[in-house]
Amino acid sequence: MIISGKELSARMKADMAAQVAEFPVKYGRVPHLVVILVGDDPASQSYVRGKGKACEVVGIRNTTIVKPATITEQELLDIIEGLNNDDGVDGILVQLPLPDHIDEATIINAIRKDKDVDGFHPLNVAALWMKQPCTVACTPKGIIRMLDEAGVEIKGKRAVVIGRSQIVGLPVAKLLLDRNATVTICHSRTKDLGAVTREAEILVVAIGRPKFVTADMVSPGTVVIDVGVNRDPETGKLVGDVDFEAIEPKASVITPVPGGVGPMTIACLMENTIECFLRKKQG
């Protein structure tokens with residue numbers, strides 16, 4: 001089974017649009033997401049446009065603030081502080097990566113926890129591990145939704161996560177643990193990685209290495225979730241972290257690149273924005 005993130009995300013956005021349509025009467029306005037784009041990186045510009053289009057579909061108000069790559073860290077912090085103090089803003093997102101002279105952790109930490117729709121703020125990350133109410137990072141949240149949609153039983157399964165970032169690897173491992181999977185977290189330099197991945201019944205790969213996971217690293221019947229989005233150095237096409245053509249015949253479930261996890265990340269961003277709005281409005 002190939003899981004289409006496009007189809008599932010479209011259904012999610014349609015449901016959210018129906019929900020948001022009632023907000024002007026219930027709450028006097030719709031949720032407001034502000035996205036800050038620094039520099040002119042084509043990939044970042046594309047991601048920001050995709051988020052803007054999703055806001056239009058769902059009915060969320062979207063403001064995009066574009067700043068040159070020469071902006072200072074303090075200037076960016078001042079913009080975030082203004083948004084933190086604006087009651088009309090429900091969600092703040094700074095598109096990553098940022099120029100080298102700006103510390104990403106400092107910027108992430110500056111966004112108020114209750115407006116952190118990415119789920120990257122340390123207090124949201126800590127709350128996830130402590131099983132307290134929080135905003136869950138969009139990509140891990142989308143991965144679990146895709147597994148549920150595909151009818152994958154998580155409880156009792158052996159899951160392997162390749163990748164240790166706070167954005168994908170660690171939070172998705174925690175979500176799998178919360179669903180009673182046995183989880184191994186590793187990385188691209190793990191000794192004899194293939195021996196580890198061949199034990200996986202659910203394999204999540206998030207390292208940003210094109211076609212890094214090959215067919216010999218996957219056992220028949222494995223559920224394969226590919227988070228990577230890379231350019232194939234030979235063809236220039238978008239490819240994932242796994243060799244899709246070689247692994248698809250062996251996998252019981254697999255996500256394609258593009259069209260797999262990516263659309264779900266944006267759908268869950270819309271969901272997080274609505275959740276931040278409702279927490280504010282409903283107390």
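Hydrogens, waters and symmetry mates play no part in the numbers below; they use all other heavy atoms, side chains included.
When all heavy atoms of Glu104 and Leu98 are compared, the pair lying nearest together is OE2-N, 3.0 Å.
More than 12 heavy atoms of other residues, nucleotides or ligands sit less than 6.0 Å from atom NZ of Lys280. By the 6.0 Å contact criterion, CG on Asp192 is enclosed, its count of non-hydrogen atoms from other residues, nucleotides or ligands being greater than 12. When the shell of 6.0 Å around CG of Asp100 is examined, it contains 12 or fewer heavy atoms from other residues, nucleotides or ligands. The number of heavy-atom neighbours closer than 6.0 Å to NZ of Lys53, taken from other residues, nucleotides and ligands shown, is 12 or below. Around CZ of Arg61, the count of heavy atoms belonging to other residues, nucleotides or ligands within 6.0 Å does not exceed 12. Residue-environment remark: NZ (Lys250) exceeds the threshold of 12 foreign heavy atoms within 6.0 Å.
Here the straight-line distance linking atom OG of Ser219 with atom CZ of Arg158 works out to 8.5 Å at 0.5 Å rounding. Taking CD1 of Ile60 as the start and NZ of Lys51 as the end, the distance is 13.0 Å to the nearest 0.5 Å.
Taking 4.0 Å as the cut-off between side-chain N and carboxylate O, Lys211 and Glu234 do not count as a salt-bridged pair. The existence of a salt bridge linking Glu271 and Lys141 is confirmed by a sub-4.0 Å separation between a basic side-chain nitrogen and an acidic carboxylate oxygen.
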Should Asp118 and Cys138 be marked as a side chain to side chain contact (heavy atoms under 4.5 Å, CB included) after you check the CA-CA gap, both sets of side-chain angles, and the distance that decides it? CA-CA 6 Å; Asp118 262 335; Cys138 302; 4.3 Å; yes

When you look at Cys134 and His121, which way does the side chain to side chain contact (heavy atoms under 4.5 Å, CB included) test go after all the steps? CA-CA 10 Å; Cys134 64; His121 192 283; over 6 Å; no

Asp148/Arg179 under side chain to side chain contact (heavy atoms under 4.5 Å, CB included): CA gap, chis, key distance, verdict: CA-CA 11 Å; Asp148 288 340; Arg179 296 285 292 271; 2.7 Å; yes

Kindly indicate, with the supporting measurements, whether the criterion side chain to side chain contact (heavy atoms under 4.5 Å, CB included) is fulfilled by Met264 and Ile143. CA-CA 8 Å; Met264 287 299 298; Ile143 289 170; over 6 Å; no

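Remark: the Asp15 side chain and the Gln19 side chain contain no N/O donor-acceptor pair separated by less than 3.5 Å.
The only option from Val34, Ile108, Ile36 that meets the side-chain contact (heavy atoms from CB on, under 4.5 Å) definition with Ile80 turns out to be Ile36.
Considering only heavy atoms from C-beta on, Leu37 comes within 4.5 Å of Gln45 through its side chain. Between Leu8 and Arg145 the shortest side-chain heavy-atom distance falls below 4.5 Å.
Cluster partners of Val160 are Ile2, Ile162, Leu193, Val196, Leu203, Val205, Ile207, Phe212, Val213, Met217, Val218, Val224, Val242, Phe244, Ile247, Ile254, counting Ile, Leu, Val, Met, Phe, Trp and Tyr whose side-chain heavy atoms approach within less than 4.5 Å, directly or via other members.
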